[in-house]
S.K.: 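Below you'll find the structure I mean.
Atom set for the values below is all heavy atoms of this structure, side chains included, hydrogens, waters and symmetry mates excluded.
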Amino acid sequence: MSRSARLVPACVAALTALALTATACSGGGGGVQGTPGGAGVRDPYFPKAGNGGYDVGHYDLRLSYDPDTAQLSGTAAITAEATQDLSAFDLDLKGLDVDKVTVEGKAARWNRTGQELTVRPHDDLDDGETFEVEVRYSGTPRTLTDADGSHEGWLRTADGAVALGEPIGSMTWFPGNHHPSDKASYDIEVTVPEGLEAVSNGELRGKETADGLTTFSWHTAEPMASYVATLAIGDYDIRRSTAGGVPAYTAVQPGGSAKVLARLPEVMEWAETNFGPYPFSSTGAIVGGEDDAEYALETQNRPFFPGAPDTGLLVHELAHQWFGDSVTPRSWRDMWLNEGFATYAEWLWEEDEGGDSAQDTFDALYEEGEDEYPDLWAFPPAEPTSGAHISDDPVYQRGAMVIHKIRQTVGDDTFYDIVQGWTAERRHGNAGTDDFTAYVEQQAPDEDFDTIWDEWLYGDGKPARP
């Protein structure tokens, strides 16, 4: 990736260091009316992620990838609405070479600084104006190493690649507003060498082969955060069926066991009974090679697994379709709302299958959890110590313990009313921890949740056992 600032066309001096309000390069003939949108939305853990000044409604990505050369070329057409008068705005893009940028069909000036692609439209944008920015780009997509040592972004595989974006990796393969607070619909068209599959989110709308290349066209109508967008390219066996009353599309690498995926309809039905109607128009799974990634991820409609999952992991990632994909965290500090619920889903499944009850699991964690999870009490689930720890055990296991404490307090009938009401009220939206605690209190106004919030959700150390 080139980190040097590049501007198209000239007027470098007027744009350097975001001096984008200078009239020397103003477009449209008049004076500059707006101000630049913010570079980042000031997320508490990833302050550079996302951008201010606009809201994305739709991504139209047209991509071509050659696994032999590892070269990706793409055009991203992004439809957005300005939320202020804009003289400039930023997109997140890590690596890759930008060839051209237009706004509303007119050539725009742009420069690069780190992960920021700063765009200066020919004409200022008015607050409330809907506009389209198109970015043409190419190069070798990057793999990012996160603060916790895990890898995300564009992961090359033996016969292709898989794109995984939690928390910021999607900016390695397309420009955008890469923060979970800005969700959008997607069209993703991908061209790959004939014989390979290209699997993404949503529904496959078309597949055409010509001149040794195959183009796949995927459409996601429901709002999707960019961190759960995915693209898996390689040799996959494809199966189409139904589950939970919606189409199911599964992709499994040849030789990979898909036995557990036979339980997909059963798990979907169980999840709908517990969490409410399935929030998307299709479901499925992608099962890659065991060396393709270090973790599974709840990519929307179609979770990704590195190798065949066990049933518990399938339950976990499908539960995320409600908790994380549909009801998406407002910031990365709210990660426990994703992982606490998905982990508790595993406890509920075990209970309903005749295994340990959720209370048994809770008790075992409280009494001896440090043996398996040494950092279980290292920090409260709603306040990870940094972005490096948003996927640590307190977020998952102690987060699930918070959910169980709520269930203990209100009883099963009210608990399931709370869960299903929450997924319905926040369907396809965003929510923070304060939104959730307020909702719980509204649904059970006669109960006292202070101890749960103060000691289990926000408290330091191991809470006292009542």
S.K.: Residues in salt bridge (Lys or Arg N to Asp or Glu O under 4.0 Å) with R330, at least two apart?
M.R.: D435
S.K.: Which residue is it: D92, L93, N111? I am looking for the one with a side-chain contact (heavy atoms from CB on, under 4.5 Å) to E116.
M.R.: D92
S.K.: Can you give me the closest heavy-atom contact between A296 and F305, atom names plus distance?
M.R.: CB-CD2, 3.8 Å
S.K.: Identify the two heavy atoms, one from V402 and one from P381, that lie closest to each other, and give their separation to 0.1 Å.
M.R.: CG2-CG, 4.1 Å
S.K.: Sequence neighbours excluded and cut-off under 3.5 Å, please list the side-chain donor-acceptor pairs for residues 168-175, or say none.
M.R.:
unit_1 : atom_1 : unit_2 : atom_2 : d
S170   : OG     : S226   : O      : 2.6
T172   : OG1    : W154   : N      : 3.3
T172   : OG1    : G169   : O      : 2.7

S.K.: Measuring from D392:CG to M335:CE, what's the distance to the nearest 0.5 Å?
M.R.: 10.0 Å
S.K.: Please report the closest heavy-atom contact between S281 and P247, naming both atoms and the distance.
M.R.: O-CD, 3.3 Å
S.K.: Would you mind telling me which of N177, T328, N51 makes a side-chain hydrogen bond (donor to acceptor under 3.5 Å, both in side chains) with D182?
M.R.: N177
S.K.: For K207, is there an ion pair with E197 - N to carboxylate O distance below 4.0 angstrom?
M.R.: yes
S.K.: Checking salt bridge (Lys or Arg N to Asp or Glu O under 4.0 Å) for the pair R136/E134: CA distance, chi angles, key distance, verdict?
M.R.: CA-CA 7 Å; R136 296 181 186 176; E134 183 174 284; 3.6 Å; yes
S.K.: Taking NZ, NE, NH1 and NH2 as the nitrogens, is one of them in E203 or R205 under 4.0 Å from a carboxylate oxygen of the other?
M.R.: no
S.K.: Over all heavy atoms of both residues, which pair between P167 and D146 is shortest? Give the atoms and the distance, please.
M.R.: CD-OD2, 3.9 Å
S.K.: How close do E298 and D325 get, heavy atom to heavy atom, and via which atoms?
M.R.: O-OD2, 2.6 Å
S.K.: Measuring only between side-chain heavy atoms, which start at C-beta, is R426 closer than 4.5 Å to F323?
M.R.: no
S.K.: Does the Q300 side chain pair with the main chain of N201, one donor and one acceptor, at a distance under 3.5 Å?
M.R.: no
S.K.: Are the aromatic rings of W270 and F275 close, with centres under 6.0 Å apart?
M.R.: yes
S.K.: Quick check: closest heavy atoms across D127 and D85, and the distance to 0.1 Å?
M.R.: N-OD1, 2.8 Å
S.K.: Any side-chain to backbone donor/acceptor pair from Y295 onto H151? Under 3.5 Å, distance only.
M.R.: yes
S.K.: Quick one: does L117's side chain get under 4.5 Å of V135's, heavy atoms only?
M.R.: yes
